[in-house]
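Notes follow the structure.
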Amino acid sequence: MIDIKYLRENPEVVKASQKGRGEDESIVDKVLASDELRRVALDIFEKLRAEQNLFSKTVAAAKAEERPALLENAKELATAVKEADNKRTELEEATKNLVMQLSNVLDPNAPIGGEADFVVLEHIGTPRTFDFEPKDHVELGKLLGAIDTERGAKVAGSRSYYLTGSGALLEFALINYAISSALKAGFTPVIPPVLVNPAAMEGTGFLGQAAENVYRIEKDDVYLVGTSEVPLAAMHMDEVLPAEKLPMRYAGYSSCFRREAGTYGKDTRGIIRVHQFDKVEMFSFCHPDQAKEEHARLLQWEKDFLDAMEIPYRVIDVASGDLGSSANRKFDIEAWIPTQNAYREVTSTSNCTEFQARRLNIRYRDADGTKAIATLNGTLVAIPRMIVAILENHQNADGTVNIPKALQPFLGRDRFELV
RNA sequence: GGAGGAUUCGCAUAGCGGCCGAGUGCGCACGCUUGGAAAGCGUGUAUAGGGCAACCUAUCGAGGGUUCAAAUCCCUCAUCCUCCGCCA
């Protein structure tokens with residue numbers, strides 16, 4: 001949610017931002033108009049209410065026999081107050097509904113354009129040249145007894161899979177490596193709830209344009225999270241955090257559930273795009289003045305992870321039209337996938353500035369009072385895609401796969417063998 | 001699933017339908033006292049909105065209702081605690 005005061009003072013900036021995202025800029029004027037009406041209604045209500053409060057006091061002070069006369073007109077006043085109150089509430093809601101439609105104000109450095117207009121910031125590592133025909137992760141997964149998509153489909157439907165043997169062990173190793181590096185970086189490890197209430201889902205902004213991709217358990221009115229960003233962000237909902245404790249960094253490990261609506265025919269083979277996967281997510285509550293620096297740090301930790309996995313990748317600055325509504329800037333890391341001859345997204349980090357915190361009512365307190373905090377998130381490791389990248393990049397001609405050095409201590413060996 | 005109890009200012013508690021935005025204790029901040037500290041004493045100590053300001057308005061788990069007036073009465077819901085049942 002955008003700060004209405006900021007919007008009042010900088011309508012042109014917000015309009016330009018909406019335009020840059022390819023979103024409706026006329027909302028800005030609608031908000032301003034609605035806000036004006038709201039303030040008038042608020043003023044009317046407050047004056048009437050003040051009158052009523054004052055009157056009530058005179059009633060209280062009056063003698064018993066004088067009261068009936070005093071109460072004569074009081075009912076009318078009470079009705080007027082109630083009416084004004086309803087009007088005020090109505091306009092407050094209308095204004096809020098409009099404000100909620102606005103996306104976060106873009107970082108001036110974010111590239112403007114659609115999905116294809118990202119800017120490549122850097123390439124790290126060199127894609128390997130194979131002296132044999134590389135196999136894709138589905139084939140390798142079968143040879144290693146690591147991934148079983150056929151039985152996944154049988155039991156759970158499309159985009160489902162089993163990780164077995166080496167695959168399961170690889171997940172544990174990745175998680176353990178991720179958590180131990182997060183600990184070194186000062187993160188608090190968290191295993192959050194993955195079943196959350198509407199307030200948490202709504203507050204983190206996943207019931208807006210992303211609602212189609214969220215699983216909902218209607219009977220109990222709860223949602224399955226698509227990322228632990230949701231329970232991590234909502235963890236401090238309605239709280240005031242002390243400024244000296246910032247940044248507060250959490251590394252959440254959880255399953256993630258995604259309906260993948262509207263992706264029919266896209267990445268249908270293998271485990272690049274699935275309905276359920278595990279992920280370690282970094283989340284930071286920080287001082288708004290520190291958000292940019294924190295964003296750079298999250299990106300660096302993501303890069304460190306890819307470096308440790310010895311996988312070539314590139315970093316892209318995601319274009320305005322492809323940002324989530326909460327993010328004002330987003331960097332994706334794309335790993336080289338040999339059999340696709342392409343870089344594919346494996347991790348992503350977003351700076352949500354105070355946008356998300358305002359919805360969730362999370363503030364920090366310093367000497368000057370309380371203000372909205374900044375929130376940032378970034379993927380440390382999303383299991384299936386990392387498995388794809390590791391298998392495909394580190395495969396040998398016979399189908400065995402070399403294990404990156406960083407993971408060897410967690411697996412007790414240096415190679416995955418055929419089954 | 002059933003039966004009770006609770007939810008008030010950072011924490012602990014008090015609170016008769018009007019004098020309660022709310023008392024007390026602790027904590028915290030500032031001041032006095034002291035060679036310095038502790039103790040003691042004094043003062044202050046919520047958030048949000050509107051207004052240039054004085055000030056006004058809202059908020060006692062949430063949402064409704066009764067009333068001229070609700071922390072206080074009624075209804076619904078949420079969370080927590082205790083007991084019973086059930087399952088691990």
Side-chain angles (χ1 to χ4, degrees), chain A residues 1-9 31-100 102 191-203 207 216-223 230-231 234-246 248 285 288 354-373:
Chain A
M1 187 166 65
I2 284 198
D3 182 5
I4 185 103
K5 279 185 186 161
Y6 178 85
L7 187 141
R8 256 185 236 144
E9 286 157 23
V31 169
L32 291 174
S34 180
D35 181 52
E36 196 53 44
L37 291 174
R38 184 201 121 239
R39 278 190 290 169
V40 170
L42 179 64
D43 189 54
I44 292 171
F45 163 74
E46 287 188 348
K47 290 215 163 87
L48 278 169
R49 189 77 168 122
E51 196 182 329
Q52 188 186 33
N53 285 343
L54 206 67
F55 186 79
S56 283
K57 278 187 185 132
T58 67
V59 172
K63 288 175 191 142
E65 64 268 25
E66 291 172 338
R67 284 190 186 176
L70 280 170
L71 296 183
E72 203 74 354
N73 296 324
K75 273 195 190 169
E76 233 169 272
L77 188 54
T79 314
V81 168
K82 197 156 281 181
E83 253 171 50
D85 192 16
N86 289 339
K87 187 80 187 161
R88 176 196 66 130
T89 307
E90 196 180 296
L91 285 165
E92 273 173 2
E93 275 166 14
T95 307
K96 189 166 185 194
N97 285 341
L98 283 168
V99 174
M100 294 284 263
L102 292 167
I191 298 176
V194 293
L195 219 42
V196 302
N197 63 26
M201 214 62 187
E202 172 84 58
L207 292 186
R216 178 171 180 212
I217 317 285
E218 223 164 301
K219 197 170 181 211
D220 299 291
D221 201 21
V222 288
Y223 296 88
V230 173
M235 189 156 85
H236 290 302
M237 181 161 52
D238 296 320
E239 291 181 27
V240 180
L241 308 174
E244 63 273 16
K245 275 194 165 174
L246 304 179
M248 288 170 69
F285 296 91
E354 299 104 301
F355 187 87
Q356 195 175 47
R358 218 170 268 123
R359 285 174 159 237
L360 289 165
N361 188 29
I362 306 172
R363 293 166 294 165
Y364 68 95
R365 187 196 314 281
D366 63 13
D368 302 328
T370 63
K371 280 160 291 214
I373 210 164

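Reminder, nothing fancy here: chain letters follow the sequence lines and each chain counts from 1. Keep in mind it's a predicted model, so treat the numbers as computed, not measured.
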For A:Asn97, what residues pass the side chain to side chain contact (heavy atoms under 4.5 Å, CB included) criterion, not counting sequence neighbours? none
Reading nucleotides 45-56 of chain B from the 5' end, what letters show protein touch, with B for base, S for backbone sugar-phosphate only, - for no heavy atom under 4.0 Å? --SSBSS----B
Test ring-ring contact (aromatic ring centres under 6.0 Å, His included) applied to A:Tyr223 - qualifying residues, sequence neighbours left out: none
Across all strands shown, which nucleotide pairs with B:rA53 by Watson-Crick or G-U wobble geometry, both distances under 3.5 Å? none
Pairwise P distance, B:rA38 and B:rG27 [rounded to whole Å]: 12 Å
Using the test side chain to side chain contact (heavy atoms under 4.5 Å, CB included), find all partners of A:Val40 that sit at least two apart in sequence or belong to another chain. A:Ile44
Would you give me the side-chain donor-acceptor pairs under 3.5 Å for residues 1-9 of chain A, sequence neighbours excluded?
unit_1	atom_1	unit_2	atom_2	d
A:Asp3	OD1	A:Lys5	N	3.2
A:Arg8	NE	A:Asp35	OD2	2.7
A:Arg8	NH2	A:Asp35	OD2	3.3

Using Watson-Crick geometry (N1-N3 plus N6-O4 or O6-N4) or G-U wobble (N1-O2, O6-N3), each under 3.5 Å, B:rA6 is paired with B:rU79
Residues at least two apart in sequence or cross-chain that pass side chain to side chain donor-acceptor pair (under 3.5 Å) with A:Arg49, listed by chain then number, are A:Gln52
For B:rA22 versus B:rA70, give the span between their P atoms, rounded off to a whole number of Å. 16 Å
When rounded to the nearest 0.5 angstrom, what is the spacing between CZ in A:Phe45 and CG in A:Asp85? 4.0 Å
Can you give me the N/O atom pairs linking the protein to nucleotides 60-67 of chain B at distances under 3.5 Å, or say none if there are none?
none

Can you list the residues that meet the side chain to side chain contact (heavy atoms under 4.5 Å, CB included) rule with A:Ile217, with sequence neighbours excluded? A:Leu195, A:Asp220, A:Val222, A:Leu224
For atom P, what is the distance between B:rC86 and B:rC11, given to the nearest Å? 39 Å
Apply salt bridge (Lys or Arg N to Asp or Glu O under 4.0 Å) to A:Lys47 and list each qualifying residue two or more places apart in sequence or on a separate chain. A:Asp43
Does B:rG40 pair with anything, Watson-Crick or G-U wobble, both distances under 3.5 Å, and if so, with which nucleotide? B:rC32
Say we look at B:rA6 and B:rU59: how far apart would their P atoms be, to the nearest angstrom? 24 Å
Atom-to-atom span, CZ of A:Arg88 to C1' of B:rA58 - whole angstrom: 7 Å
Between A:Ala78 and A:Glu51, name the one whose nearest nucleotide on RNA chain B is closer to the 5' end. A:Glu51
How far, in whole Å, is B:rG63 from B:rA58 if one measures between their C1' atoms? 16 Å
Which atoms of nucleotides 70-80 of chain B (N or O only) lie under 3.5 Å from a protein N or O atom, and what are those distances?
none

Could you work out the separation of B:rU57 and B:rC20 based on their P atoms and round it to a whole Å? 16 Å
Just grab all the salt bridge (charged side-chain N to carboxylate O under 4.0 Å, His left out) pairs involving residues 235-244 of chain A, residues at least two apart or on different chains. none
Would you indicate whether the side-chain heavy atoms of A:Glu92 and A:Leu42 approach each other to under 4.5 Å? yes
Write down the distance separating the C1' atoms in B:rC26 and B:rC74, rounded off to the nearest Å. 36 Å
B:rU59 pairs with, by Watson-Crick or G-U criteria that keep both distances under 3.5 Å: B:rA46
Separation between the C1' atoms of B:rU67 and B:rC28, rounded to whole Å: 40 Å
So what's B:rA14 paired with, Watson-Crick or G-U wobble, going by both distances under 3.5 Å? none
Suppose we define a pair by two distances each less than 3.5 Å, Watson-Crick or G-U wobble; what does B:rC20 pair with here? none
With sequence neighbours excluded, what pairs up with A:Ala372 under the side chain to side chain contact (heavy atoms under 4.5 Å, CB included) test? A:Glu354, A:Arg358
Find the distance between CG (A:Leu48) and CZ (A:Phe55) and round it off to the nearest 0.5 Å. 13.5 Å
